[in-house]
Structure formats: structure tokens, C-alpha cells
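Have a look at the structure below before the remarks.
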There are 2 protein chains.
Amino acid sequence: MSLTRMRARRATINDVADAAGLSRGTVSRVVNGEKYVSAEARMAVEAAIAQVGYVRNTAARNLVTQESRAIGLIIHEPHSLLFEDPNIGSILLGANEALSKADYQLVTLIIDSDRDSHRVADHLRGGLIDGAVIVSARASDPIAAAVADIGLPAAFVGHPDGTPDLPYAAIDNVEAARAITSRLLGTGRQRVGMIASALDRDSGQDRLAGFRAAMGERYDPRLVVEYPLYTYAAGFEGMQKLLRRDPSIDGVFAASDAVAAGAMTALQEAGRRVPEDVGIVGFDDSSWALRCRPQLSTVRQPAGLLGTTAAELVLAQLMGLPSSPRVLETVVMWRGSA
Amino acid sequence: MSLTRMRARRATINDVADAAGLSRGTVSRVVNGEKYVSAEARMAVEAAIAQVGYVRNTAARNLVTQESRAIGLIIHEPHSLLFEDPNIGSILLGANEALSKADYQLVTLIIDSDRDSHRVADHLRGGLIDGAVIVSARASDPIAAAVADIGLPAAFVGHPDGTPDLPYAAIDNVEAARAITSRLLGTGRQRVGMIASALDRDSGQDRLAGFRAAMGERYDPRLVVEYPLYTYAAGFEGMQKLLRRDPSIDGVFAASDAVAAGAMTALQEAGRRVPEDVGIVGFDDSSWALRCRPQLSTVRQPAGLLGTTAAELVLAQLMGLPSSPRVLETVVMWRGSA
DNA sequence: TTGTAAGCGTTATCAT
DNA sequence: ATGATAACGCTTACAA
């Protein structure tokens with residue numbers, strides 16, 4: 001006595017062909033909307049499809065066509081950033097939009113452990129994906145190797161150094177940081193510091209470098225504090241530390257809006273007025289910026305466009321076109337916080 | 001004259017077999033780490049693999065094994081929520097953790113247009129995925145149909161009604177809303193209102209129902225305002241509206257922490273002290289809660305666990321185990337805002 | 001322990 | 001316009 005199978009075998013193209021009294025070839029042509037099928041054949045096939053409940057097996061199709069029409073987007077962020085950083089959502093949506101338009105499926109793969117890292121690398125190698133957009137890769141992890149391994153068309157968002165020679169979509173963090181710091185200086189501040197973050201990433205390093213460049217002679221390492229992540233908490237603690245180090249501080253560049261928001265809270269709790277007593281500027285022009293009171297002066301980073309551009313970079317490679325790095329414009333948004 | 005092909009054909013298992021002087025079968029056994037291969041054969045194969053640069057084609061493998069060891073996570077959120085709602089990141093990470101442990105690859109599919117909706121549905125149907133976790137499906141969209149179509153093992157996060165009879169991982173929004181509203185009432189407030197949101201979703205409806213239940217006789221529809229999204233902006237505007245409607249309002253339940261944060265800002269700009277003049281409570285215990293001054297009293301929603309549980313629900317189905325809805329505990333976090 | 005060969009469900013080429 | 005038939009790259013009985 002045997003148990004009844006719960007789920008019936010999926011109908012194949014053969015079942016359709018049989019039901020329609022036609023060949024597999026014809027069925028395939030109908031399914032793919034090709035020319036050269038008679039109206040009657042088409043109708044017969046369509047009826048048969050409905051009758052047997054056929055849906056095409058994409059895996060089999062991919063095997064023969066040698067493409068998947070899917071692009072991976074790999075996110076490798078520290079746990080907390082997935083929550084705090086609004087850019088990443090915009091990047092995702094931007095990439096999705098570009099790919100959707102080209103009729104590619106975006107599949108997002110997240111890396112949150114070594115195990116993930118290897119599994120994702122295998123996924124890339126396996127031919128399940130035609131290309132990849134890589135958000136914040138670590139130079140060391142297996143992803144870069146996998147991409148190189150099989151010459152997978154890929155592009156970075158951002159521009160970590162030490163990574164393979166791939167096209168990227170990025171902004172000029174040093175120039176943008178220099179610009180907003182100069183503007184802050186332009187309000188007449190005498191003692192300006194920075195809450196730097198994520199120095200293990202190119203963006204973190206570059207923003208610090210830009211700050212330093214703008215400060216020139218006035219740069220004082222004692223007025224710079226460093227935190228590993230672009231978080232509200234980093235800003236809050238960082239500002240308290242700066243205040244302790246030099247109570248006369250009257251300006252601060254925070255490495256991101258989240259950091260700036262934390263700093264503003266710390267400042268206000270310490271009884272300093274913003275922007276009268278201390279001016280504060282951020283980076284990103286994320287939703288944080290408008291939420292602060294006063295609203296944040298910051299650098300607008302075109303997060304969505306970064307995603308879109310990176311996606312287009314891999315699309316270009318897929319079409320055999322040359323694709324080279326693209327650096328996008330940023331603009332200083334001057335509001336009430338400085 | 002013909003152009004040189006840029007990328008060489010990928011090595012197949014046949015190439016390895018040839019290079020090693022062994023059969024495909026043996027190579028396959030080595031690759032899959034099976035028993036019954038001699039040490040010398042294994043070494044020869046490994047050498048050959050390295051020599052020809054072989055990586056197995058997963059699509060082909062999936063075709064024959066009839067599984068992909070991948071689970072889709074479908075996110076269908078209005079644009080803005082992907083940025084404002086921190087829960088979704090937690091859900092993602094939670095699901096990923098559970099699947100990673102079971103050696104499944106989580107692939108996140110996002111839906112941001114009708115076009116996406118259909119493409120994703122095809123992706124599900126195509127056999128590229130063994131199961132799906134669905135975050136906030138609309139009852140109407142093609143996803144539910146696709147899942148039903150082929151009987152794909154799936155589970156919801158949350159519990160939209162009108163959706164097919166699938167297991168889900170959710171919290172009891174009405175009970176939780178009732179609980180925190182009661183607590184707010186317990187502080188002696190006389191005029192308490194609500195900023196309701198997302199009434200097109202089960203969570204939005206249920207939170208309103210819970211509020212209403214807690215208010216009983218005291219429920220006054222004039223003290224309830226509604227907004228489509230759980231956003232800071234909704235809270236800000238909603239609070240202003242409530243204040244206009246009844247300046248004597250002294251308590252408010254916001255449908256989410258983001259909403260509560262907006263409300264708090266509006267209150268403070270209007271010169272009301274929190275919690276002295278008006279008490280405010282939120283929902284989620286997201287990172288917003290600790291960011292507010294005073295910190296938010298709110299309902300802790302175990303977002304990560306929701307993701308984990310939903311993932312386990314589909315894993316169970318994959319193993320042929322029964323899987324039934326699971327409702328997770330929430331707890332009231334009482335802090336300074338009321 | 002290893003080799004052989006039959007699929008997995010498609011698409012694509014070539015006759016007809 | 002349609003039908004055979006050969007791939008696509010792999011796993012897996014079954015035989016040896």
C-alpha cells in the first residue's frame with residue numbers, strides 16, 4: 001500500500017504537446033510568442049496549456065539559452081547598517097528600476113556571515129545569474145574572487161580600493177566633504193571638528209580626507225573622533241567626547257546624517273544652541289536631514305542614481321559594450337543647522 | 001576576419017573528465033563529495049578541476065535534482081517604507097539566518113511596479129526557487145496566484161486577510177494595541193487620540209481595533225486621524241491636526257514609532273511638554289524609540305523572529321512537515337514618553 | 001570503485 | 001508552418 005503523492009508532477013512541454021496533438025517545437029514557439037505558428041495551432045496549444053496547467057521551467061530554459069536574465073545585487077553590510085542607512089534602500093530601488101526596464105530580474109543576496117559569503121559566491125559562480133551589482137564589498141571576501149573567477153559582468157556601488165578592476169558608480173567623497181566643510185568654515189566658525197566613521201571603507205576615509213583638505217592649517221587631530229559605523233549612537237557619543245575635549249568647539253562635520261542627528265541631540269542636551277552656538281553639517285541628505293530641528297545642512301548623495309548607474313554598467317557589459325567608471329555629482333544642501 | 005571571443009567557454013564536467021582520464025560519473029561523485037571514490041581518482045579529478053578551471057553549473061544541477069535550494073523573500077512595499085521601516089531589515093536578516101543555517105540561499109525579490117509583479121511571479125513559477133517568504137503581499141497581486149498555481153511552499157510575514165490559506169508568522173496587533181493604550185490610559189489621561197496609519201493593511205486595521213477596544217466608552221472618532229503610511233511625516237501632520245481639533249488632548253497612540261516621532265516633534269514645536277502635557281506611545285520598538293527625547297513607550301515587535309519563524313515555516317513544508325500559523329509575543333516597553 | 005547511459009525540460013537547427 | 005532531433009551540463013541507476 002502506498003501513500004498518495006501530495007503534489008502532482010508538474011506538467012511539461014511534452015504533456016502540452018500530447019494534449020494539443022502537436023510537437024514540442026510548436027508548443028515552444030507558441031510559449032515564446034514566435035512567428036510562424038498558425039492561428040489554429042496557437043489556439044490548440046493555448047487550450048492544452050490551460051488544460052494541463054503548464055508553466056515553463058525556467059531552469060531548463062536557462063540551461064539551453066545559457067542565460068538567466070537575472071542580475072544579483074550583493075549587500076554586505078554590518079548588521080546595524082541595514083537598518084540605519086537609508087541609502088541602501090534607494091540603491092536597491094534604483095537598480096531594480098533600471099533592470100526592470102531592461103526586463104531583467106534583480107535578486108538581492110545578503111551576506112551576514114562567512115557561511116553566507118561562500119554560499120553567495122557559489123551562487124554567482126553557478127550560472128544562476130548573468131551579472132552582479134556589488135554594494136560595499138570587502139576586498140578580502142570570496143565574492144570578488146568569484147566574480148574574477150568566471151569573469152562575471154559586474155559593477156560596484158562605491159569604489160573600495162584593493163578590489164578588482166571593475167567599473168563602478170560612485171561619488172567623489174573627498175571633494176564633497178571638502179565642499180561642505182568649506183561652507184561650514186565660511187559661516188565664521190573658529191573651532192571645527194569632525195565625527196568620522198567607517199574608516200575601514202573608502203567613503204569613510206575619503207570624507208575624512210576631504211575634511212582635512214578643507215581645514216588646511218586649521219586641522220587639529222584632537223578635534224576628530226572616530227567610530228566604526230555611521231550611526232546615530234556614534235554621533236551622540238562622538239559629540240559628547242568632542243565637547244569634553246574642547247568646550248569651545250563651534251562647528252562639526254558629521255560623516256553622515258545619522259551621525260549628525262545623534263550629534264545634534266547631544267549638543268542640545270548639553271545646552272548648546274544649533275546653529276547659534278555650534279554649526280553642524282552632515283552627509284547623505286537622507287530622511288534624517290529633514291527630521292532634525294533645525295534641519296540639517298548636508299551633502300545630497302544621489303543614492304537611487306548610484307543604483308541605477310551601477311545596474312546600467314552591468315547591462316552594458318552584457319551587451320558587449322565598454323563600460324567605465326562613472327562618478328556622480330553631489331550638491332550641498334544648505335539648511336538651518338549651520 | 002573575425003573578432004576574438006573575449007570570454008572562453010566555461011569548462012564543463014566533460015572537460016574535467018577528459019583531463020583526468022576518468023568518466024563524468026566519477027568527476028560528479030568527487031564534486032559532490034560522495035563515498036566510493038578512490039584516493040587517486042579524487043586527486044586526479046581535483047587536479048583536473050584546477051587545471052581547466054571548472055565550476056559546476058548550478059542551473060544544470062537544479063534541473064536534474066529538481067530543486068534549487070533557494071528560497072525567495074518577496075518584498076512588496078510602497079517606495080517610502082523601504083526607507084522608513086526598520087522592521088523590514090530585521091525580517092530579512094532573521095529569515096536569512098534561519099535559511100543559512102539550513103543551507104538554503106535567500107534571494108530577495110522586490111516589487112515596485114506592475115511589471116515587477118509579473119516578472120517576480122514568473123520567477124516563482126519557473127522552478128528557480130523552492131519556496132517563498134512573503135512580506136506584505138497585496139491580496140490582489142499575481143504573487144498569491146503564482147504561489148497557489150504551482151503549490152509553492154510559502155509563508156507570510158503578517159497576516160493579510162483575503163490571502164490564500166497559507167501559514168504565517170505574525171503578532172497580535174489588536175491585543176498589543178489594546179495593551180499599550182490601556183497602559184496610557186492608566187497614567188490618568190482624559191482625552192486620548194490616535195494617529196492611525198496603513199488602514200489598507202491588516203496591521204493598520206488591527207492596531208486601530210485594539211485602540212478602540214481599549215478606549216471603550218471613551219472612544220471618540222474625532223480624536224482619530226488616518227494616514228496611508230507609517231511615516232514620520234504622517235505623525236507630524238497628524239498631531240497638528242489633532243491639536244487643532246482638540247487642544248485639550250493629553251494622550252496619543254501613534255500607529256508606529258516613526259509616526260510617534262513625528263507626533264512628538266509636532267507637539268514640542270507647539271510648546272507642549274511630553275509627557276507632562278501629553279503622553280505619547282508608539283509601536284515597533286524600532287531604533288526610533290530610543291532616538292526620541294524623551295524615549296518612546298512602545299510595543300516591542302520581534303521583527304527578526306518574525307523573519308526567522310516565517311522561514312522555518314517554509315522549511316518545514318519542504319521537509320513534508322505540517323506547518324501552522326504562529327503568533328509571536330509582544331511586550332510593552334515603558335519609557336519616558338508617557 | 002568506476003563507467004555507461006538515460007534522463008531533467010527546454011530551445012534551436014534543419015528538414016519537410 | 002511544423003516535426004524530428006540534437007544539444008545544454010549535470011546526476012544517478014545500473015552494470016561491470
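Chain identifiers are assigned alphabetically (A, B, ...) following the order of the sequence lines, protein sequences preceding nucleic acid strands; residue numbering begins at 1 within each chain. What you see below is based on every heavy atom in this structure, not just the backbone, and it leaves out hydrogens, waters and symmetry mates.
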Contacts of A/K35 and A/G25 projected onto DNA chain D by closest heavy atom; the upstream (5') one is A/K35

Between CG of B/D15 and P of D/dG9 the distance, given in whole Å, is 9 Å

Q. Just checking, is any N or O donor in the side chain of B/R61 or B/N32 under 3.5 Å from an acceptor N or O on the other one?
A. yes

Look at all strands and tell whether B/A59 reaches a base, only sugar-phosphate, or nothing, counting heavy atoms closer than 4.0 Å. nothing

Other residues, nucleotides, ligands: >12 heavy atoms within 6.0 Å of B/E34 CD
yes

* How about A/S68 and A/N62: does a side-chain donor come under 3.5 Å of a side-chain acceptor? -> no

With the side chain defined as heavy atoms from C-beta on, B/L63 is closest, among D/dA4, D/dT12, D/dG9, to D/dG9

B/R29 atom CZ is separated from C/dT4 atom C1', nearest whole Å, by 10 Å

With the side chain defined as heavy atoms from C-beta on, B/R61 is closest, among C/dT11, C/dT2, D/dC10, to D/dC10

Side-chain contact check for A/N14: nearest option of D/dG9, C/dT2, C/dT10 is C/dT10

Atom CD of B/E34 and atom P of D/dC10 are separated, to the nearest Å, by 15 Å

**Request:** Assign A/V55 to base, sugar-phosphate, or nothing according to its heavy-atom contacts below 4.0 angstrom with the strands shown.
**Result:** sugar-phosphate

Separation of C/dT10 atom P from B/L128 atom CG, nearest Å, is 13 Å

From the candidates C/dT10, C/dG3, C/dT13, the one with an atom nearest any side-chain atom of A/I13 is C/dT10

B/T65 has its side chain closest, among D/dC10, C/dG3, D/dT12, to D/dT12

B/R42 CZ to C/dT1 P, in whole Å, measures 10 Å

Scan B/S28 against the nucleic acid and name what it touches under 4.0 Å (heavy atoms): base, sugar-phosphate only, or nothing. base

To the nearest angstrom, the OH-C1' distance between A/Y54 and C/dG9 comes to 7 Å

Here the distance between atom P of C/dT16 and atom CG of A/L22, to the nearest Å, is 20 Å

Over 12 foreign heavy atoms within 6.0 Å of CG, B/D114: no

What one should report as the nearest heavy-atom pair of B/S323 and B/A316 is CB-CB, 4.0 Å

Q.
Measuring to OP1 and OP2 of C/dT10, would you say a side-chain N or O of A/T58 lies under 4.0 angstrom away?
A. no

Out of D/dT2, D/dT12, C/dT11, minimum distance to the side chain of A/T26 belongs to D/dT2

Taking 4.0 Å as the cut-off, does a side-chain nitrogen or oxygen of A/S23 come that near to OP1 or OP2 on D/dG3? yes

Return yes if a side-chain donor-acceptor contact under 3.5 Å exists between B/N14 and B/R24, otherwise no. yes

Which of D/dT12, C/dT2, C/dG9 is nearest the side chain of B/Q66? It is C/dG9

In whole angstroms, the gap separating P of C/dA6 from CZ of B/R24 amounts to 11 Å

**Prompt:** If you look at every strand shown and take non-hydrogen atoms under 4.0 Å, does B/N62 touch a base, only sugar-phosphate, or nothing?
**Reply:** nothing

